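What follows is one structure encoded as C-alpha cells, with my remarks underneath.
All figures in this text were calculated on a predicted structure; none of them were measured in a lab.
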Amino acid sequence: MKPWILQLPDSYIREYKSFIYSHYLSEGVRITIGVVLPAVILSYFNMLEMGIVASLGAICVSIPDTPGPIHHRKNSMIAVILLATASAFITGLLASSSVLIGIWITLACFVFSMIGVFGARTMAIGTAALLVIVLNIDEPRTLSETGIHALLIFAGGTWYALLSLILYSIRPYKLSQQALGDCILSTADYLRVKASFYDANVNYENSYKRLLEQQIHVHESQNLVREMLFKTRNIVKESTPTGRILVMTFLDVVDLFERAMTSHQDYNALHKDFDQFKILPHFQSLILQLADELDRIGIAMKSGFPSTQTDLLQKKIEKVEKMFFELRDKHRDGTNVEGFISLRHILDSIDDIAGRIYTLHQYTTYDHNLSKEFKAPVDYDKFISHQSIDAKLLLSNLTFRSNSFRHAIRISIAALTGYLVAQSLSFKHSYWILLTIIVILKPAFSLTQKRNYERLGGTVAGAVIGLLILYFIRDRITLFVIMILLMIGTYSFMRFRYLLSVILMTPYILLLFHLLYYSDFQSVIYERVIDTAIGFVIAFIANHFLVPAWEHTQIRTYMIQAIRDNKVYFNEIAGIFAGNVKSITEFKLVRKKAFVSLANLSDAFNRMLSEPSNQQKNAKQLHQFVVMNHMLTSHVATISYYRDIAPKYQKPVLGKLRDSITRQLQQIEEILEEREYSEEQDMVSTDETLKELNKEIQELKEIRARELEEGTTDSTVRKTLSEYKPIADQFNFIARTVSELQKNVSQF
C-alpha cells in the first residue's frame with residue numbers, strides 16, 4: 001500500500017515559487033538585515049538603545065526604497081535621511097511641550113501628505129518623515145541628547161542606503177528581472193480570465209469584472225517595468241547583452257498582451273454556433289496551456305534560471321487544429337461560415353502567441369547571440385512619465401478640488417485628534433494611536449477602509465499568535481530567531497499582503513518588547529490592541545466625514561480620458577486602411593495611452609464600488625461604460641493585427657467609417673464634458689456606411705456559398721473573405737459599441 005502523499009495544487013506551487021524568487025522576499029530580507037544589524041552590533045558594545053534609534057533610521061529610509069529606477073531610489077533615500085534627521089531634531093526639542101507638539105504634528109501631517117502630489121515615492125518619503133515624528137513625541141530631550149538622537153537616525157539611514165546601493169551594484173539587473181517576471185505572470189493571469197469566456201456556463205458579468213481587474217494589474221506591472229528599464233541608463237543605452245535581452249523581453253510581452261486582447265470575439269455567437277460540437281472547451285484548455293507556459297517563463301525570469309520548454313503546447317495546438325479542420329470540413333455551410341472564420345482567427349491568435357512564447361523561452365537563457373541584432377524600435381523616452389518637483393503643482397493643489405489637499409486636511413485633523421486622545425488617556429506608548437492613523441489613512445476611501453479593518457483584525461490575530469509563542473517557548477535565542485523570521489515576513493508582505501504583514505508584525509513587536517523589557521511586555525499587548533482600536537475608530541470617522549473625496553465626483557475625468565485616448569487609438573489604427581501609415585513609435589505610444597486610460601478608468605470604478613452604497617452613483621451605467629470601453633479597445637487592437645495586409649484593403653468605405661466613428665467618439669467626449677456638439681451636415685452616417693460595407697461582405701458570402709455547394713474548397717474568394725470579413729467584423733463591432741456608448745452616456 002502506497003503511503004499517503006500530500007499533493008499541492010499547481011496554483012499553490014506557482015504562488016510559492018513566485019514569492020520565493022520575488023522582489024518582495026528580497027526586500028524583506030534586505031530591510032531585516034538593515035534594521036537588525038545596527039541594534040545587534042551596538043548592543044555588543046552595551047549601546048542597545050542607541051542601536052534601536054539607528055535601526056529606526058534604517059526603517060524610515062527603507063520605506064521609499066521601492067522597485068524603480070536606481071536614481072529615483074537613491075534620491076528618495078537621501079531625501080528621507082535629511083528629512084528624518086531634521087524631523088527627529090525638531091520633535092526632540094518640542095517634545096516637552098504638548099501644545100507645540102500638537103501644532104507640529106498638525107503642520108507636519110499636512111506638509112508631508114501634500115508632497116504626495118508629486119507621486120507615490122514622494123508620498124512614501126512623507127510617510128517616513130511622519131514615522132520619525134510619531135515615534136519621538138513621547139520623549140523630551142535636552143539639546144545635546146536631541147542632537148545625538150538625530151545623528152543616530154542619520155547614521156542608521158545612511159547605513160541602510162549604502163546597504164541597498166551596494167546590493168544593487170552587485171546584481172544591477174536582478175530587480176528588473178523580478179519585476180519583469182511579475183509582469184509576465186500578470187499577463188498569464190489575463191489569459192486565464194480570457195479562457196473563462198469559452199466555458200459553456202460562462203458568467204459574462206463576472207468574467208468581464210475579473211478581466212477589467214486583471215488588466216489593472218497588467219498595466220501596473222507593465223508601467224513599473226517600463227520605468228525601471230527605460231529610465232535606467234545602462235539598460236536603455238543597451239550597453240550589455242543582459243540589458244538588451246530584458247528590453248527585448250518586455251517589448252515582446254507588451255505585444256503578446258495586445259495580441260491577447262485582439263482575440264476578443266462575440267462569445268455569445270460562438271457558443272450559439274459551436275456548443276453543440278463541444279469544441280470550445282478545447283480552445284479554453286489551449287489558452288490555459290498558454291498561461292501555464294507564461295508562468296514558467298515568468299518564474300524563470302525572476303529566478304535567473306532558464307525555463308524548460310516542452311512540446312506539450314505544440315501538440316495541443318496541432319490537436320485542436322485537427323479538430324477544427326475536421327469540424328469545418330464536415331459542418332461548414334453558408335449559415336455558419338462566419339463562425340468558422342472567427343474560430344480560425346482565434347487559432348491564428350493562439351498560434352501567434354505560442355510563437356512569442358517560444359521566443360520568450362529563448363530569452364530566459366540570456367544567450368548573447370539573441371541580442372546582437374537588436375535595435376531599439378521605439379523612442380523609449382516617450383513611453384515614460386517625467387514628474388518634476390515643481391512648486392507650482394503644489395500650489396495649484398491647495399484647493400478643495402484637489403484630492404491630495406483633502407487627504408492632507410483629513411490626516412492632519414485625525415492625527416491631532418489622536419494625539420489629544422492619547423494625552424487624555426495618559427498611555428505610555430501613545431504614539432501607536434498616531435501610527436495607526438498615519439498608516440491607515442490613504443487618499444482613496446476604499447484603500448483606507450480596507451486597511452482599517454486589516455489593521456484591527458491583524459493586530460488582534462497577531463497578539464494571539466504572539467501570546468501562544470511566548471507561552472510555549474521560553475528560550476531567548478529561539479525567540480530571537482523567531483522574531484527575525486517574523487520581521488522578514490512582515491517586510492516581505494508589507495507592500496502586497498497588508499493583512500498578513502500586520503498579523504506577523506504584532507508578534508514580532510511583542511517578542512521585541514519581551515526581549516527588551518521582560519517585565520512590561522504584557523502592558524505592551526494591552527496598549528497595542530487598545531491603541532489600534534482607538535486609531536481604527538478615528539481613522540474610520542475621518543475617512544467617512546472629514547472632507548471625503550468620493551469617486552463618483554471624479555470618475556467623469558477618467559471616462560473622458562478613456563474616450564479621448566480610444567478615439568486617437570482608433571483613428572490612428574483605422575488610418576492604415578486609408579494609407580496613413582505611422583511609425584512604430586507612434587503606434588505603440590497611442591496604444592499605451594489607450595491601455596493606461598482604460599486601466600485607470602477600471603481602477604476608479606472598482607474604488608467606487610468599495611464606497612458606501614449611497615455614494616455609488618449610476619453604478620450600473622458606469623459598469624456598462626467600463627465594459628464597453630474595454631470591448632472598444634480590444635476591437636481596435638484587433639484591427640491593428642491586420643496592418644500587414646491593410647494595403648490590399650484600403651477601400652473608401654473603411655475611410656468613411658473611420659471618419660464617422662471618430663466623429664461619434666468626439667461627440668461622446670463632448671457629452672461627457674457637458675458641451676454642446678454640432679452634427680456635420682456632410683458627414684455620412686455610420687449606419688449608412690456600415691450598410692455599404694456589409695453589402696460587399698454579403699456579396700462575397702453569397703459567392704462563397706455557391707462555391708461550397710459546387711464543391712469548391714479553395715478559391716480567391718475564400719482567401720478574400722477570410723481576410724476581409726474579420727476586418728469588416730471589427731469595424732461592425734466598433735461601430736456597434738460606439739453607438740451603445742453614445743446611448744449610455746446620455747443616461748448620466
Side-chain angles (χ1 to χ4, degrees), residues 183 187 215 218-219 222-231 235-238 244 246-262 264 352 356 373-387 558 560-601 629-630 632-651 654-666 668-669 727 730-731 734 738:
C183 181
T187 306
Q215 189 185 17
V218 174
H219 157 64
Q222 285 185 357
N223 193 52
L224 173 60
V225 178
R226 189 180 289 113
E227 294 283 308
M228 293 178 70
L229 294 182
F230 296 170
K231 284 188 177 181
I235 294 179
V236 80
K237 296 298 182 182
E238 302 158 12
R244 289 195 292 270
L246 288 176
V247 173
M248 293 162 65
T249 303
F250 176 65
L251 294 177
D252 277 6
V253 170
V254 174
D255 287 342
L256 187 151
F257 174 66
E258 183 199 40
R259 195 69 179 92
M261 290 191 71
T262 67
H264 194 83
D352 182 73
R356 296 176 190 274
E373 304 299 323
F374 175 69
K375 292 183 180 179
V378 297
D379 181 358
Y380 298 136
D381 195 58
K382 293 182 178 180
F383 290 84
I384 53 179
S385 57
H386 299 277
Q387 180 64 70
Y558 296 104
I560 293 170
Q561 193 62 50
I563 290 294
R564 185 176 296 154
D565 288 334
N566 259 329
K567 178 186 66 179
V568 174
Y569 187 32
F570 169 75
N571 197 46
E572 294 290 335
I573 299 304
I576 62 179
F577 295 97
N580 300 331
V581 180
K582 299 291 184 178
S583 69
I584 190 68
T585 297
E586 291 174 306
F587 162 69
K588 288 179 179 288
L589 189 59
V590 297
R591 178 185 69 181
K592 179 217 168 190
K593 289 180 177 178
F595 285 6
V596 169
S597 294
L598 179 58
N600 289 339
L601 172 63
N629 264 278
H630 182 273
L632 176 60
T633 307
S634 298
H635 290 310
V636 175
T638 304
I639 291 180
S640 69
Y641 173 67
Y642 299 103
R643 57 182 177 271
D644 291 338
I645 62 172
K648 294 170 59 177
Y649 300 101
Q650 290 178 357
K651 298 176 178 272
L654 296 181
K656 288 189 289 185
L657 260 179
R658 181 189 71 158
D659 293 340
S660 59
I661 291 174
T662 300
R663 178 56 188 162
Q664 276 186 281
L665 288 168
Q666 177 64 33
I668 293 171
E669 183 183 335
I727 296 170
Q730 296 309 315
F731 275 93
I734 290 169
V738 171

Check your understanding: Between Arg591 and Asp255, is a salt bridge (Lys or Arg N to Asp or Glu O under 4.0 Å) present by the stated rule, with each step listed?
Key -> CA-CA 10 Å; Arg591 178 185 69 181; Asp255 287 342; 3.0 Å; yes

For the residue pair [X] and [Y], what are the closest heavy atoms and their distance?
X: Ser597; Y: Gln561; value: OG-CG, 3.6 Å
X: Ser660; Y: Leu657; value: OG-O, 3.1 Å
X: Arg643; Y: Phe587; value: NH1-CZ, 3.4 Å

Reported [atom1]-to-[atom2] distance for the pair [X] and [Y], which is rounded to 0.5 angstrom:
X: Cys183; Y: Met228; atom1: SG; atom2: CE; result: 11.5 Å
X: His635; Y: Phe570; atom1: NE2; atom2: CZ; result: 12.0 Å
X: Leu229; Y: Leu251; atom1: CG; atom2: CG; result: 8.5 Å
X: Leu246; Y: Thr249; atom1: CG; atom2: OG1; result: 6.0 Å
X: Glu572; Y: Thr662; atom1: CD; atom2: OG1; result: 9.5 Å
X: Ile639; Y: Phe577; atom1: CD1; atom2: CZ; result: 6.5 Å

Point to revise | Test: Arg356 and Asp352 ion pair at under 4.0 Å | key: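 Judged by the 4.0 Å cut-off on N to carboxylate O distance, Arg356 and Asp352 do form a salt bridge.
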
Review point. So, are Lys593 and Asp565 salt-bridged, with charged N and O less than 4.0 Å apart?
Key: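 No.
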
Heavy-atom distance under 4.5 Å between the side chains of [X] and [Y], does that happen here?
X: Met261; Y: Thr633; answer: yes
X: Lys592; Y: Val596; answer: yes
X: Ile645; Y: Ile727; answer: yes
X: Leu665; Y: Leu632; answer: yes

Point to revise | Residues Gln222, His219; criterion side-chain contact (heavy atoms from CB on, under 4.5 Å); working and verdict | key: CA-CA 5 Å; Gln222 285 185 357; His219 157 64; 5.7 Å; no

Practice item. Measure from NZ or CZ of Arg564 to the centre of the six-membered ring of Tyr569 and say whether it is under 6.0 Å with the direction within 45° of the ring axis. Key: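 No, Arg564 does not sit over the ring of Tyr569.
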
Review point. Are Phe257 and Phe595 close enough that their ring centres sit under 6.0 Å apart?
Key: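 Aromatic pair counts; centres sit under 6.0 Å.
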
Point to revise | Asn629, Ile734, Asn571 screened by side chain to side chain contact (heavy atoms under 4.5 Å, CB included) with Asn566, the one that passes | key: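 The option that passes is Asn629.
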
